Amino acid sequence: MLKPDILMLGPIPIIASALEAHFEVHRLWEAADKADFIAGCKDKIRGIVTFGGTRTDAALIDSLPKLEIIGNFGVGYDTVDARYAATKGLVVTNTPDVLTEEVADTALGLILMTVREFGAAERHVRDGKWLKGPYPLSRGTLRGKRVGIVGYGRIGKAIATRLKAFGVSISYHNRRPAADADVHYVDTLVGLARQVDVLVSVLPGGAATRHIFNAEVFAALGPEGIFINVGRGSVVDEAALVAALKAGRLYSAGLDVYETEPCLPSELAAFGRVVLLPHVGSASQHTRGAMGQLVVDNLVNWFVRGAPLTPVTETPWPR
Ligand code: 8YV
């Protein structure tokens, strides 16, 4: 049987061989002239494989008349125009569940690193400064503190599960209260920021959440407040974040995601206690392997059985 043709928008080494076993893979990122490349294969392409670093917009969708399915490597699919794909009768899949625990672990790591300044403390050892004196006591602690989670889906709940063991008070904000939540709900983001010491964002990207962490939210979090982000960088007004840190209106931040990755405001790196990770929330071999397998399984199920495994909400299955 002929292998279905798949357009891969960027490299995802962990699934390269599994994809090639099932599909004829066309590697767009290797093409010198992308428009030319697409023109050459457009009448064969039945699937796209994409991830956060690449964009699947209406123009790309329209250029592929045989397209049936878009498989996104990642739970967040803000770089795929899923609404437009739905109007075209396409299926979009993502990789939920398999990364939940890994990203929640990352959030806890980032919270601890930021609150207790472990990044700066570690640099103190590496730079030989310990020989001259101990690292200063951290102003931050989780003892007696309140943590607010913004975005109370699977990952938000997994973060709350971990935080319970730390004995902190936990509350959350969502567009709507979560049915099965056993922690306190706050109905506005600013209201939550006002009530907590550490604010953790797990929000997805996209127009609805763009820059919702703004000067007002950082002011509400306050001069002792700590902001953590493991969702998407686009939710943060980074200029407002830098300004709040600079002016001492916010104590610190721990970030895994940025607005225009891998570029970030140079001022952020200048704050010694701010912790900056390079978008590694799900980045273990184990979890990226599981995400990759789910991308492949979705495509295989689609082409062999006519049904995706994990369609996104805009393209539900059965339709
Ligand atoms: C990955 C992520 O970094 O799942 C997501 O939404 O942000 C991460 O797991 C990303 O998918 C890889 O591009």
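These numbers come from a predicted model, not from an experiment. Start at 1 and go down the list; that is how both ligands and their atoms are numbered.
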Audit row: Val92, Asn94, side chain to side chain contact (heavy atoms under 4.5 Å, CB included) steps and yes/no
CA-CA 7 Å; Val92 178; Asn94 66 342; over 6 Å; no

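When the side-chain hydrogen bond (donor to acceptor under 3.5 Å, both in side chains) test is applied to Arg305, the partners found at least two apart in sequence or on another chain are Asn301. Applying the side-chain contact (heavy atoms from CB on, under 4.5 Å) criterion to Thr209, with sequence neighbours excluded, gives Leu203, Val235.
Cluster membership for Val257 and Val242, using ILVMFWY side-chain heavy atoms within less than 4.5 angstrom, is not shared.
Listed by first then second residue, pairs satisfying side-chain hydrogen bond (donor to acceptor under 3.5 Å, both in side chains) with a partner in residues 211-225 read Arg139-Glu224, His211-Glu259, not counting sequence neighbours.
In Arg146, the CZ atom is crowded: over 12 heavy atoms of neighbouring residues, nucleotides or ligands sit closer than 6.0 Å.
When heavy-atom distances to ligand 1 are checked against 4.0 Å, the residues falling inside are Phe51, Gly52, Phe73, Gly74, Val75, Gly76, Leu99, Arg232, His279, Ser282, Arg288, Met291, ordered by chain and number.
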